[in-house]
Amino acid sequence: MTTDDSEKDIAVLEKGYQAVLEFIDQMEEISQLQDRVDITGNINQIWNIFLNEIRNSIRMEACALFMVDEQTHEFVLKNASPSSMGIASQSELEHQIECGMFSWIIRRRKPALVPSLALKNNKTIIMLPLVTAKRTLGMVLVVTGIEESAITQENMKLLAMLAKQCSLVMENSLLYDRLKKDHESLQRAQKQILQAEKLASIGRLTTGASHEILNPLNILSGYIQLLAMKEGLDERSTRYLAIMSEQAERISRIVNGLYQFSQTSGASMDRVHVNALIRKVFQLFEHEHRYDHIRNVMDLQEDLPAIDGNADSLTQVMFTLLSNARDAMPRGGELYISTRKALPDASIGADTEWVEIQFRDTGHGIPEDVIDKIFDPFFTTKTLKNGTGLGLSISYGIIQNHGGAIQVKSKVNEGTTVTIRLPCS
Ligand SMILES: Nc1ncnc2c1ncn2[C@@H]1O[C@H](COP(=O)(O)OP(=O)(O)O)[C@@H](O)[C@H]1O
Ligand SMILES: [Mg+2]
């Protein structure tokens with residue numbers, strides 16, 4: 001052996017040693033990836049971090065992420081890099097599924113090198129299954145220009161580790177999403193129970209009390225009117241009487257509103273055609289010159305199924321929404337009213353058909369700190385003369401009695417959208 005030879009050997013060994021160090025570094029980086037990724041972010045953000053790591057681990061030409069759809073259980077393309085690879089990756093995946101390679105890799109739970117079936121030019125494909133102990137989350141397809149024989153065990157080990165980390169992070173992120181959704185729907189249910197309870201207690205209270213108040217009130221109003229007609233009253237007395245009369249009217253409005261709570265639950269139900277009802281309400285209030293500067297735009301879906309409901313109560317709801325929208329646009333604006341058959345939705349009962357009614361105005365909107373209170377009885381931001389704060393709370397009770405739901409979304413200075421869903425007959 002010459003000195004030259006041993007120098008060469010040392011150089012080879014050194015190179016190997018460097019490669020091992022590099023490998024360990026990469027392993028370490030991948031193992032710490034879990035701490036670096038924010039599981040509250042969306043899948044795309046998470047994926048971008050892993051995509052970078054895959055690039056560091058192997059010379060890739062393209063990469064595609066497929067995730068299992070929770071409903072259809074099919075593999076759906078979520079991301080392709082470069083994005084032009086999307087269609088090619090999709091057909092590659094379909095070929096792999098057809099020839100059975102795909103399920104073999106899922107069962108094996110480890111990355112595998114497969115010959116490309118769809119892509120030309122002798123590309124090598126590495127498939128990384130994203131699986132956890134409980135389920136299959138997806139599949140990553142990595143396209144490399146490297147020949148199959150040049151891909152090392154180290155390459156595959158790094159990719160396996162990456163796939164494992166990626167699976168864990170994505171599983172956590174999906175769990176986080178589901179937990180968040182459950183929490184939100186629980187909060188919604190809680191709010192509804194609270195609201196229903198508030199309405200019920202008011203209903204109980206007012207059934208008897210409203211008559212007791214209205215009778216003496218009518219007598220008072222009568223005498224106020226009589227006094228007001230008297231001749232020779234000084235200016236101050238006239239003013240006082242006017243105030244008394246105004247306030248008596250206000251009491252009467254409130255008590256009447258309260259009385260309607262007790263009425264909403266017992267109302268009889270008939271077949272109601274929502275479109276016809278809306279047209280009628282708008283016709284009735286067409287000539288209110290107070291609101292001349294507001295344009296009503298109607299988009300009512302023909303062949304809307306009928307619902308079981310009480311036409312009078314529903315008219316009252318429409319009227320409340322109409323006047324609230326108009327009050328929100330003192331300097332004019334637009335009011336869009338639309339109806340449509342709503343798609344089944346798990347959050348409102350997937351096996352029922354629904355009619356959806358929407359009132360969307362371009363008014364001043366509702367501030368965030370107020371929106372939680374608008375269904376509360378007596379909550380109003382209007383002047384004593386204009387608002388009782390009962391319109392929406394009565395509407396809430398009516399829609400609830402119809403087995404439906406009412407929802408308000410709003411943005412200050414942009415407008416408010418009220419959505420009502422009612423179950424079809
Ligand atoms: N379309 C709307 N745009 C802006 N604010 C609204 C709208 N609808 C309701 N609100 C707010 O909700 C409050 C409660 O409405 P409601 O129960 O009908 O009582 P009222 O109209 O008598 O005030 C209103 O005072 C208003 O602040
Ligand atoms: Mg109102």
Please assess Asn218 against Ser221 for the test side chain to side chain donor-acceptor pair (under 3.5 Å), listing each intermediate value before the final yes or no. CA-CA 5 Å; Asn218 282 335; Ser221 300; 5.2 Å; no
Minimum-distance pair of heavy atoms, taken over all atoms of Thr132 and Ser167: CG2-O, 3.9 Å
Out of curiosity, Ile357 CD1 to Thr339 OG1, how far, rounded to the nearest 0.5 Å? 7.5 Å
Over 12 non-hydrogen atoms of neighbours within 6.0 angstrom of CD1 in Ile87: no
Heavy-atom pair of closest approach, residues Cys63 and Val140: SG-CG1, 3.7 Å
Verdict with reasoning, Met318 to Phe282, per side chain to side chain contact (heavy atoms under 4.5 Å, CB included): CA-CA 9 Å; Met318 302 304 151; Phe282 277 80; 5.8 Å; no
Count the heavy atoms of every other residue, nucleotide or ligand shown that sit under 6.0 Å from CZ of Arg59, and state whether that count exceeds 12. no
Report the residue from Leu93, Val142, Val114 that forms a side chain to side chain contact (heavy atoms under 4.5 Å, CB included) with Ile125. Val114
Stepwise side chain to side chain donor-acceptor pair (under 3.5 Å) check, Thr362 with Glu334: CA-CA 6 Å; Thr362 57; Glu334 288 190 338; over 6 Å; no
Before you tell me yes or no, could you show the steps for Leu162 and Ser57 under side chain to side chain contact (heavy atoms under 4.5 Å, CB included), namely the whole-Å CA-CA distance, both residues' side-chain angles and the distance that decides it to 0.1 Å? CA-CA 9 Å; Leu162 256 175; Ser57 311; 3.6 Å; yes
Can you find a heavy atom in the side chain of Phe66 that is under 4.5 Å from one in the side chain of Val68? no
Once rounded to the nearest 0.5 Å, what's the spacing between atom SG of Cys166 and atom CD1 of Ile49? 10.0 Å
Is there a donor-acceptor pair under 3.5 Å between the side chain of Gln301 and the backbone N or O of Lys341? yes
By ring-ring contact (aromatic ring centres under 6.0 Å, His included), Phe102 pairs with (sequence neighbours left out) Phe75
Give the C-alpha distance, both sets of side-chain angles, the deciding distance and a yes or no for side chain to side chain contact (heavy atoms under 4.5 Å, CB included) between Leu321 and Gln358. CA-CA 10 Å; Leu321 301 188; Gln358 215 166 56; over 6 Å; no
Any chance you could measure Ile224, atom CD1, to Glu249, atom CD, to the nearest 0.5 Å? 10.5 Å
Within a strict 4.5 Å, meaning less than it, do heavy atoms of the Ile251 and Ile213 side chains meet? yes
Nearest 0.5 Å, what's the CG-CZ distance between Leu335 and Arg360? 9.5 Å
Does the Gln316 side chain pair with the main chain of Gly391, one donor and one acceptor, at a distance under 3.5 Å? no
Under 4.5 Å between any side-chain heavy atoms of Leu179 and Leu175, yes or no? no
Less than 4.0 Å between a side-chain N and a carboxylate O, is that true for Asp327 and Lys382? yes
Give a yes or no on whether a salt bridge exists between Glu70 and Arg178, defined as a side-chain N under 4.0 angstrom from a carboxylate O. yes
What heavy-atom pair brings Asn310 and Met269 nearest, and what distance separates the two atoms? N-SD, 3.7 Å
Mind checking what makes ring-ring contact (aromatic ring centres under 6.0 Å, His included) contact with Phe319, not counting sequence neighbours? Phe285
Distance col, row Ile106:CD1 vs Thr136:OG1, nearest 0.5 angstrom, shows 5.0 Å
Could you check whether any side-chain N or O of Asp234 sits under 3.5 Å from a backbone N or O of Ser237, counting only pairs where one atom can act as donor and the other as acceptor? yes
Evaluate side chain to side chain contact (heavy atoms under 4.5 Å, CB included) for Arg331 paired with His293, printing each intermediate quantity in order. CA-CA 7 Å; Arg331 276 187 295 276; His293 50 291; 5.8 Å; no
Less than 4.5 Å apart, any side-chain heavy atom of Glu61 and any of Met85? no
Got a salt bridge between Arg135 and Glu171, using NZ or NE/NH1/NH2 to carboxylate O under 4.0 Å? yes
A side-chain contact here means heavy atoms from C-beta on lying under 4.5 Å apart; do Leu65 and Met139 qualify? no
Under 3.5 Å, is there a donor on one side chain and an acceptor on the other for Glu148 and Thr124? no
Around Glu368, counting heavy atoms of other residues, nucleotides and ligands shown, do more than 12 lie under 6.0 Å from its CD? no
Within the side chain of Ser91, is there an N or O that forms a donor-acceptor pair under 3.5 Å with the backbone of Ala88? yes
For Ala64 and Leu77, work out which heavy atoms get closest and say how close. CB-CD1, 3.9 Å
Pairwise side-chain contact, Ile307 with Trp354, heavy-atom cut-off 4.5 Å (strictly under): no
Can you tell me if Ser173 uses its side chain to pair, donor with acceptor, with the backbone of Val169 under 3.5 Å? no
Taking atom NE2 of His73 and atom CG of Asp69, what is their separation to the nearest 0.5 Å? 8.5 Å
How close do Thr380 and Gly387 get, heavy atom to heavy atom, and via which atoms? OG1-CA, 3.9 Å
Measure across Ile126 and Ile151 and return the closest heavy-atom pair with its distance rounded to 0.1 Å. CD1-CD1, 4.2 Å
Can you name the residues that form a salt bridge (Lys or Arg N to Asp or Glu O under 4.0 Å) with Glu356, not counting sequence neighbours? Arg340, Arg421
Side-chain heavy atoms of Leu227 within contact of Leu233, under 4.5 Å: no
Looking at Ile371, Ile366, Ile374, Asn324, which one forms a side chain to side chain contact (heavy atoms under 4.5 Å, CB included) with Thr416? Ile366
Are the side chains of Tyr336 and Asp361 in touch, meaning some heavy atoms are under 4.5 Å apart? no
Derivation of the side chain to side chain donor-acceptor pair (under 3.5 Å) call for Tyr223 and Gln225: CA-CA 5 Å; Tyr223 280 116; Gln225 267 165 23; over 6 Å; no
Determine whether Asp312 and Thr315 satisfy the following criterion, side chain to side chain donor-acceptor pair (under 3.5 Å), listing intermediate values before the conclusion. CA-CA 5 Å; Asp312 288 340; Thr315 303; 5.1 Å; no
